[in-house]
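Proteins get letters first, then strands, A, B, ... in listed order; numbering begins at 1 in each.
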Protein chains: 2
Amino acid sequence: MNRPGIKDVAKLAGVSVGTVSNVINNVPTVTPERIERVNAAIAQVGYVRNAAAKTLRRGVASAVGVLVLDLNNPFFMEAAEGVTDCLSQTESFMLLASTQASVEKEAELLTLLESHAVRGVLLSPAGASLAAAEEIVQRGTPVVLFDSIATPPTMSSVSVDDASGAALAMQHLLGLGHRRIAFLNGPEDVHQSQQRKRGVDTAIARWSGKEAQLITHNLDSYTIRAGAAGMTKLLAEQHPRPTAIFCANDLIAIGASMTAREQGLRIPDDLSIVGFDDIALASQLSVPLTTVHQPMFQLGWRAANLLLEGAIVRHETFSPELRVRRSTAPPS
Amino acid sequence: MNRPGIKDVAKLAGVSVGTVSNVINNVPTVTPERIERVNAAIAQVGYVRNAAAKTLRRGVASAVGVLVLDLNNPFFMEAAEGVTDCLSQTESFMLLASTQASVEKEAELLTLLESHAVRGVLLSPAGASLAAAEEIVQRGTPVVLFDSIATPPTMSSVSVDDASGAALAMQHLLGLGHRRIAFLNGPEDVHQSQQRKRGVDTAIARWSGKEAQLITHNLDSYTIRAGAAGMTKLLAEQHPRPTAIFCANDLIAIGASMTAREQGLRIPDDLSIVGFDDIALASQLSVPLTTVHQPMFQLGWRAANLLLEGAIVRHETFSPELRVRRSTAPPS
DNA sequence: TATCAGGAATGAAACGATTCATTCATTGGG
DNA sequence: CCCAATGAATGAATCGTTTCATTCCTGATA
C-alpha cells in the first residue's frame with residue numbers, strides 16, 4: 001500500500017468509497033457532516049486523486065491538447081495564454097507541446113494526445129495534409145484548427161483572414177509607391193503561407209495599371225533565423241534590390257531587418273519592411289515595425305471555447321488590421 | 001465496445017493479450033512472425049493505446065511536468081525547447097504550463113501534476129516558499145528546481161549564478177562612470193530577484209571609495225509592462241534621474257527603454273540600460289541591449305536530464321556572461 | 001524413446017476511481 | 001400503526017493495460 005487511495009480515506013472516515021468519490025466530485029447529495037469527515041480524512045492521509053484511474057473509468061481526461069509550431073513564437077504563446085484563460089473557467093487544463101513544424105512530430109503528438117484521451121486538440125497544422133488530424137477526429141477526438149481551415153469541414157476552426165491581411169500590407173506598400181517588392185513567405189506547405197500568398201497576389205493584380213514587380217521567397221520556417229537567411233539570399237540574388245519587403249510574420253521581419261542593417265541598409269530609407277502578427281515586441285524594434293495585427297489572445301480563447309462547446313463544426317474568422325509604424329516609407 | 005482495446009487486437013491476431021502487450025512494449029522475447037501479425041491487427045482495427053490504463057497499472061506516467069512563470073518570456077521558452085530536446089531521447093514528453101507567477105496557481109498545478117503521476121516536475125518557483133513542492137517531493141514525485149535552490153536540499157536544481165551575473169552588470173556600469181544607478185528588480189519574493197539584488201549590493205559595496213548611489217525598485221512581474229510602469233515611476237520620483245538602469249531581465253529592460261524613449265530620453269546618451277537573460281531579441285532592439293547572457297537551452301536540457309537521472313540530489317550552476325552592446329555608454 | 005532445459009506464450013489478477021442498482025433510514029399521510 | 005415515498009449511503013462491477021506465475025513447445029541429450 002504505497003500511496004493512500006480512496007479506500008484508505010473511506011476507512012479512516014468510516015464511510016464507503018462511493019461516498020468519498022461523491023465528496024471529491026462535489027455530488028450534492030452528501031450530508032455536510034460527512035463531507036467534513038471525508039475532507040478531514042483526506043487531509044490527514046494526504047490523499048491525492050489518481051488521475052489515471054479517473055480517466056480510465058470516465059473514458060475521457062480533463063485535458064485539452066495544444067499543438068503549436070514553435071514555442072518561441074510569441075504569436076502562439078499569446079494564443080496559449082488565451083487558451084489557458086478560457087480553460088481556467090472549467091476544470092480543464094492545457095497540455096502544450098511544439099511540433100517544431102514537423103509533420104511526423106505532429107502525427108506522433110496527435111497520437112500521444114489521443115492515447116491520453118484528451119477532450120480535444122487545438123492544432124496549428126505543420127503541413128498541408130490534415131490526414132493525421134482527420135484520423136483522430138474520425139475516432140472521436142475533436143480537433144479545432146488554429147489559423148487554418150479544413151476542407152471538407154470535419155473540424156471547427158478559428159483563423160484570421162490571412163489573405164486580406166496580406167493584401168492590406170501590400171496595398172500599403174504599393175500605395176507608398178513601391179514597385180519592386182519582395183515577399184518573404186513561410187514554408188510553402190503551411191496553410192498560412194498559402195493564404196498570405198493569395199492575398200499578396202490579389203493585391204498585386206488589383207494594382208493592374210502600373211507594373212509592380214514581385215519577388216517571392218519561401219523560407220523554411222517562421223523564425224528570426226530564417227528571416228535573416230532569406231534576406232541574405234535576397235540581397236545576393238536580386239539586382240536591383242527590392243525597395244520594400246513584406247514578411248509573412250514578425251519574426252521573419254526581425255531577422256530580415258537585422259541582416260539588412262548589417263549590410264548597411266537603413267530602414268525605412270533604403271528599405272521598407274512590413275511584418276505580420278503584431279507581437280508585443282514589434283513596436284520595440286530598432287525601427288518600430290509596420291505590421292498586420294492579429295488578435296492572438298482572442299484567437300486562442302475562442303478556439304478553446306469552440307472545443308468545449310462540443311459537437312457543432314463552426315468556423316470563426318477574425319479580421320486583421322494594418323498597424324502602420326516607422327518601418328515603412330515611400331521609396332527614395 | 002467503443003474504442004478497440006488490446007483484447008480486440010489479440011482476438012484478431014489470434015494471440016493472447018499478454019503477447020500484444022509485449023509487442024507494444026518491444027519486449028524482445030516475441031517471435032518476429034507474431035510481432036508482424038499483431039502489428040497488422042493493430043493497424044487494421046485502428047488501435048490506440050490507452051495511456052490512462054497504462055499509467056494506472058504502471059503507477060507512473062511517461063510525462064514530465066514543466067511549470068514556468070510566464071509563457072511569453074523567451075527565457076522559459078528557450079529552456080522549454082531544451083527540455084523537449086532532452087526528453088525526446090526517451091519516450092517521455094513534456095507537460096508545459098504557466099503558473100502566471102501565482103503561488104496558488106503553482107500549488108494547484110503541482111497537485112494536478114502529482115495526480116497525473118508524472119515522472120517529475122521542473123519548477124520555476126513563483127514565490128519564496130517551496131512548501132508545496134516539498135510536499136509532493138515527500139510523497140514521491142521528484143522536483144528539479146529551475147533557476148532556484150532549495151535549502152535544505154531536498155531537490156536537485158539548475159541555475160546560473162545570478163549574483164555574479166548581476167555583479168558583472170553593475171561593475172560594467174560603475175566602470176563606465178555611472179554613480180547614480182537604478183535597479184529595476186523583479187518581485188521581491190522570487191529567488192532570482194533576491195540573488196540579483198545580492199549581486200548588485202556586493203558590486204556597489206566593492207566599489208567602496210567613490211560614493212555610488214543605488215535606487216532599487218521591485219516590480220510586480222518580469223514583463224515588458226512592468227518594466228514600462230517601473231520606468232514611469234522612476235522618472236516621476238527621482239530627481240535628478242539616474243544615469244543608468246540595470247533591469248532584472250530583458251523584458252523589463254525593453255519596457256523601460258520603451259518608456260524612456262517616449263519621454264524623450266536617448267539611449268545610451270541620456271540613459272544606459274543593462275538587461276539580464278540575453279533573449280534572442282536583445283540584439284534586435286532599437287538599441288541592441290547590453291545584457292547578462294544565460295545559457296537557457298542548456299539550462300532546460302540539464303534540468304530534464306537531472307530529473308531523468310533519478311535519485312541523487314545535485315546542483316548544477318552555470319556561469320553567466322556579460323554581453324556588451326550599444327545600450328550602455330559613459331554618462332554624459 | 002524418454003527426459004530435460006530454455007524460451008515463448010498465456011491469461012488471471014491488479015491498479016484506483018467511478019457508477020449505479022440496491023439497501024437503508026426518515027418522514028409524512030392515511 | 002403501517003405503508004409509501006423520498007433521499008442518503010453502500011459496495012460490487014467496471015474501465016484497459018501490465019505483470020508474472022504458469023503452461024506449452026521445441027530441440028537436444030542421455
Side-chain angles (χ1 to χ4, degrees), chain A residues 1-39 41-42 45-63 91 111-112 114-118 139-140, chain B residues 1-39 41-42 45-63 91 111-112 114-118 139-140:
Chain A
M1 198 201 301
N2 231 342
R3 285 255 275 266
I6 211 177
K7 273 186 205 160
D8 305 297
V9 174
K11 201 176 298 170
L12 181 61
V15 301
S16 71
V17 293
T19 301
V20 176
S21 175
N22 286 337
V23 170
I24 293 173
N25 295 295
N26 298 315
V27 174
T29 64
V30 190
T31 288
E33 180 259 347
R34 262 150 199 259
I35 293 183
E36 198 176 345
R37 207 133 52 91
V38 169
N39 281 329
I42 285 178
V45 302
Y47 168 76
V48 178
R49 183 219 227 107
N50 182 325
K54 171 177 134 186
T55 301
L56 175 58
R57 186 63 241 255
R58 281 247 174 106
V60 55
S62 55
E91 89 294 12
T111 311
L112 183 73
E114 186 184 10
S115 83
H116 277 264
V118 294
R139 287 197 288 253
Chain B
M1 196 202 303
N2 231 341
R3 284 256 277 265
I6 212 177
K7 274 187 206 161
D8 305 296
V9 173
K11 201 175 299 171
L12 182 61
V15 301
S16 72
V17 293
T19 301
V20 175
S21 175
N22 285 337
V23 171
I24 292 171
N25 294 296
N26 298 315
V27 173
T29 64
V30 191
T31 289
E33 180 260 347
R34 264 151 196 259
I35 294 183
E36 198 176 345
R37 208 132 54 92
V38 169
N39 280 329
I42 285 177
V45 302
Y47 167 76
V48 178
R49 183 219 226 106
N50 183 325
K54 171 177 133 184
T55 301
L56 174 57
R57 186 62 242 254
R58 283 247 174 106
V60 55
S62 54
E91 90 295 11
T111 310
L112 183 71
E114 185 185 12
S115 83
H116 277 265
V118 293
R139 287 196 290 253

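- To the nearest 0.5 Å, the span separating CD on A/E114 from CG on B/N50 amounts to 10.5 Å.
- Distances from the side chain of A/T19 to the nucleotides C/dA9, D/dT10, C/dG16 place D/dT10 closest.
- Residue A/I6 contributes atom CD1, which lies 12 Å from atom P of D/dT10 at whole-angstrom precision.
- Base engagement by B/G18 is indicated by at least one non-hydrogen atom pair under 4.0 Å involving a base atom.
- Dashed line: the shortest gap from a side-chain N or O of B/R58 to OP1 or OP2 of C/dG16 is not under 4.0 Å.
- Under 4.0 angstrom from either OP1 or OP2 of C/dT18 there lies at least one side-chain N or O belonging to A/R49.
- Across all strands shown, B/V20 has no heavy atoms under 4.0 Å from either base or sugar-phosphate atoms.
- Rounded to whole angstrom, the span from the NE2 atom of A/H116 across to the C1' atom of D/dG16 amounts to 14 Å.
- Mapping B/A53 and B/T31 onto DNA chain C via the closest heavy atom, the residue that lands nearer the 5' end is B/T31.
- Atoms OG1 and CD, from B/T31 and B/E36 in turn, are 12.0 Å apart once rounded to the nearest 0.5 Å.
- With distances taken from any side-chain atom of A/N22 to the nucleotides C/dT18, D/dT10, C/dG16, the minimum falls on D/dT10.
- The shortest distance between the side-chain N/O atoms of A/R37 and the OP1/OP2 oxygens of D/dA9 is not below 4.0 Å.
- Distance check: A/N39 CG to A/I24 CD1 gives 9.0 Å after rounding to the nearest 0.5 Å.
- Rounded to whole angstrom, the span from the NZ atom of A/K11 across to the P atom of C/dG16 amounts to 13 Å.
- When the nucleotides C/dA12, C/dA9, C/dG16 are ranked by their closest atom to the side chain of B/V17, C/dA12 comes out on top.
- Across all strands, B/S21 comes closer than 4.0 Å to base atoms (heavy-atom distances).
- Rounding to the nearest 0.5 angstrom, the gap separating the CZ atom in A/R58 from the CG atom in A/N25 is 5.0 Å.
- Phosphate proximity of D/dG16 to B/Y47: absent, as no side-chain N or O sits under 4.0 Å from OP1 or OP2.
- If you take CG of B/N25 and C1' of D/dC20, they are 14 Å apart, rounded to a whole angstrom.
- Taking atom NZ on B/K54 and atom C1' on D/dG16, their separation rounds to 13 Å, with Å as the unit.
- Contact between the side-chain N/O atoms of A/R3 and the OP1/OP2 oxygens of C/dC15 is not found at any separation under 4.0 Å.
- The CD atom of A/E33 sits 13 Å away from the P atom of C/dT26 (whole-angstrom rounding).
- Donor-acceptor pairing under 3.5 Å, judged by distance alone, is present between the side chain of A/R57 and the base of D/dT14.
- Taking only side-chain atoms of B/V15, from C-beta outward, the nucleotide of C/dA17, D/dT18, C/dT10 with the closest atom is C/dT10.
- For A/V30 and B/A51, each mapped to the nucleotide of DNA chain D holding its nearest heavy atom, the one lying further toward the 5' end belongs to A/V30.
- Here the C1' atom of nucleotide D/dT14 and the CG atom of B/L56 are 12 Å apart, to the nearest Å.
- Looking at heavy atoms from C-beta onward, A/K54 lies out of side-chain contact with B/S115 at the 4.5 angstrom threshold.
- Of all the heavy atoms in A/V23 and A/I35, the pair that sits closest is CG2-CA, 4.1 Å.
- Relative to the side chain of A/S16, the nucleotides C/dA17, D/dA9, D/dC15 differ in distance, and D/dA9 lies closest.
- Look at NZ on B/K7: it is 14 Å from P on D/dT18, rounded to the nearest Å.
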